[in-house]
There are 2 protein chains.
Amino acid sequence: MADPKYPVRTVGRTFEILEIIQELDGAGVSEIAARVDIGKSAVHNHLTTLENYEYVDKDGDEYHIGLSFLGLGAYARNRTPIYDTAQSQVDELADETGELVNLLVEKNGKGIYLYQSKGENAVELDTHEGKRVRLHCTGLGKAILAFRPDETVDEIIADQGLPELTPQTITDRDAFDAELEEIRDQRYAVDREERLNGLRCIAAPITDDSDRSIAAISVACPVHRVDDDRFYEALPEAVLGAANVIELEYNYS
Amino acid sequence: MADPKYPVRTVGRTFEILEIIQELDGAGVSEIAARVDIGKSAVHNHLTTLENYEYVDKDGDEYHIGLSFLGLGAYARNRTPIYDTAQSQVDELADETGELVNLLVEKNGKGIYLYQSKGENAVELDTHEGKRVRLHCTGLGKAILAFRPDETVDEIIADQGLPELTPQTITDRDAFDAELEEIRDQRYAVDREERLNGLRCIAAPITDDSDRSIAAISVACPVHRVDDDRFYEALPEAVLGAANVIELEYNYS
DNA sequence: AATAGCATTCAGTTATAGAGAACAAAGACC
DNA sequence: GGTCTTTGTTCTCTATAACTGAATGCTATT
């Protein structure tokens, strides 16, 4: 986490290139070279090497992220202890509610979507497995932070602040602390369009036997389709139920 | 695919290191250095750099594959056209049969498991999403090859041969061609413990509108639990049904 | 307390990643 | 259809940064 004493620059450049390809949804040599601090020929050398190792696919003059990453990614996910027990519950909750259900874990102060299951009426979103998000502006992130020591929360906020993503984002530190307190009380978190306009979530933490959060599970739905009754009554109950089952299985088996 | 004219060695080494970490399920500096052709200190530099980019996690003195790969992997999978339409059918087939259901695509002459869904009684296997397999020894691979031009099959076999993985693996070229012919006839493939002792599969190709295979879907089950009746009657029907739905959705919408 | 087995640091050396120009190929535009 | 532009690819040279190997520091074990 601290800057490496003797970094290998090429490693960094490799991943910069890969992230650019992902961001542009496929890109050519010149396009990439324009965004990374090395020349065309060097980028070309990188890409042909990556292609050789099958980590990128070449399609005409466009390079794309290769499926080989799925091997590493799925492996990393399977190694995450909560994944195995949570997966089936996430699926079930998606079936039951018909909405989009997410599972998030924290890593280095950010959230990573570990798994996602689409119910019948699930919203189409910018979230996908592996995506990183800020913790303060999602129900999932708030649920996780509410069940972590104060110092951890302090550190993360000191590091990242409380940037405003929508008019509803909580940007005031005191208000945020009050919010966490409320979440601890009711054991679930509500996201009222705090990350994305038009999107609300109900999220519950998944805690270990000393009540520290390991992950969080949420149902996300569009404001205009799901009315307040269902959102504030039925959904919290469903989410809490699922979180509970996961906790039981995780902690006592 | 052809060897790069001007390879970037460091890129190759980076992925070699990552693959070693995966294979060893976490490893320390010395352990990795022993398997890769560079010294301890160089490996150390690589690892601290990778950690800095959050592509590996350091846990004590062990390095592990980071969840960041899930972002790239899930992205690559989502880009694969068949995934979106096939996923729900795979889930459904797993529910219906209670067994392990797999979705495979071909890439550079190898198979890659794109998605996997576990039914209630699913066998625990060495397969995971992103894993690569030889095509000739699995039902999925044979189903894909059966619906590709002869020249493609020739090339792949010329390149990789028909290595024997179990006593049941088809290793004779003529026998293999006859097998493909039969698969084309009945539109599904049977794997009779050809890759793994004790494991049988029924697999069906998913083809495009010109009858070329795009992917294949299979049900895998242990020999000793599933009797011949169910294996040769009920399962093929279920698998063919699912493949059919996927094809319809994929080709006509 | 002593040793062994690690990770980490560091200075020196050498291999190699990258620059930059030239060439090739493919479209776009008139 | 030919010219101009853009982008990919090849190639040589050089500065740089990746690597070696030895030294140091840390932790655990007996």
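All values below were derived from every heavy atom in this structure, side-chain atoms included, with hydrogens, water molecules and symmetry-related copies excluded. Not measured: the values here are computed from a predicted model. Each chain gets a letter, A, B and so on, in the order the sequences are listed, and its residues count up from 1.
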Exercise for the section: Quick one: label A:Ser41 by what it contacts on the DNA or RNA (base, sugar-phosphate, nothing), any heavy atom closer than 4.0 Å. Expected result: base
Handout entry: Rounded distance (Å) that lies between atom P of D:dC19 and atom CD1 of B:Ile32
Key = 14 Å
Handout entry: Any B:His46 side-chain nitrogen or oxygen under 4.0 Å from OP1 or OP2 of D:dC19
Key = yes
Problem - Which nucleotide in C:dA7, D:dG8, C:dA17 has an atom nearest any side-chain atom of A:Val29 - result: D:dG8
Problem - Which nucleotide in D:dG8, C:dA17, D:dA17 has an atom nearest any side-chain atom of A:Arg9 - result: D:dA17
Problem - Contact under 4.0 Å: A:Lys5 side-chain N or O vs C:dA11 OP1/OP2 - result: no
Practice task
May I ask you to verify if any side-chain N or O of A:Tyr6 is less than 4.0 angstrom from the OP1 or OP2 atom of C:dT8?
Solution key: no
Completion exercise
Which of C:dG18, D:dA18, D:dC19 is nearest the side chain of A:Asn45? It is C:dG18
Exercise for the section: Considering only NZ, NE, NH1 and NH2 on the basic side and carboxylate oxygens on the acidic side, decide whether A:Arg195 and A:Asp126 come within less than 4.0 Å. Expected result: yes
Handout entry: Options C:dT16, D:dT9, C:dA7, nucleotide nearest the side-chain atoms of B:Lys40
Key = C:dA7
Problem - Short side-chain N/O contact to C:dA7 OP1/OP2 from B:His44, under 4.0 Å - result: no
Practice task
Give a yes/no answer on whether the side chain of B:Ser30 brings an N or O atom under 4.0 Å of OP1 or OP2 in C:dG5.
Solution key: no
Handout entry: Ion pair A:Asp154/A:Arg173, N-O distance below 4.0 Å
Key = yes
Problem - A:Arg132 atom CZ, neighbour heavy-atom count above 12 within 6.0 Å - result: yes
Handout entry: Out of D:dT9, D:dC19, D:dC11, whichever nucleotide has its closest atom nearest the side chain of B:Arg13
Key = D:dC19
Handout entry: First encountered from the 5' end of DNA chain D, between A:Thr10 and A:Gly28
Key = A:Gly28
Handout entry: Ion pair check, B:Arg187 and B:Asp211, cut-off under 4.0 Å
Key = yes
Exercise for the section: Determine, for A:Arg13 against A:Glu16, whether the closest basic-nitrogen to carboxylate-oxygen distance falls under 4.0 angstrom. Expected result: no
Problem - Rounded interatomic separation in angstrom, taking CG from B:Leu47 and C1' from D:dC19 - result: 14 Å
Practice task
Choose from C:dA19, D:dT12, C:dT8 the nucleotide whose nearest atom is closest to any side-chain atom of A:Ala42.
Solution key: C:dA19
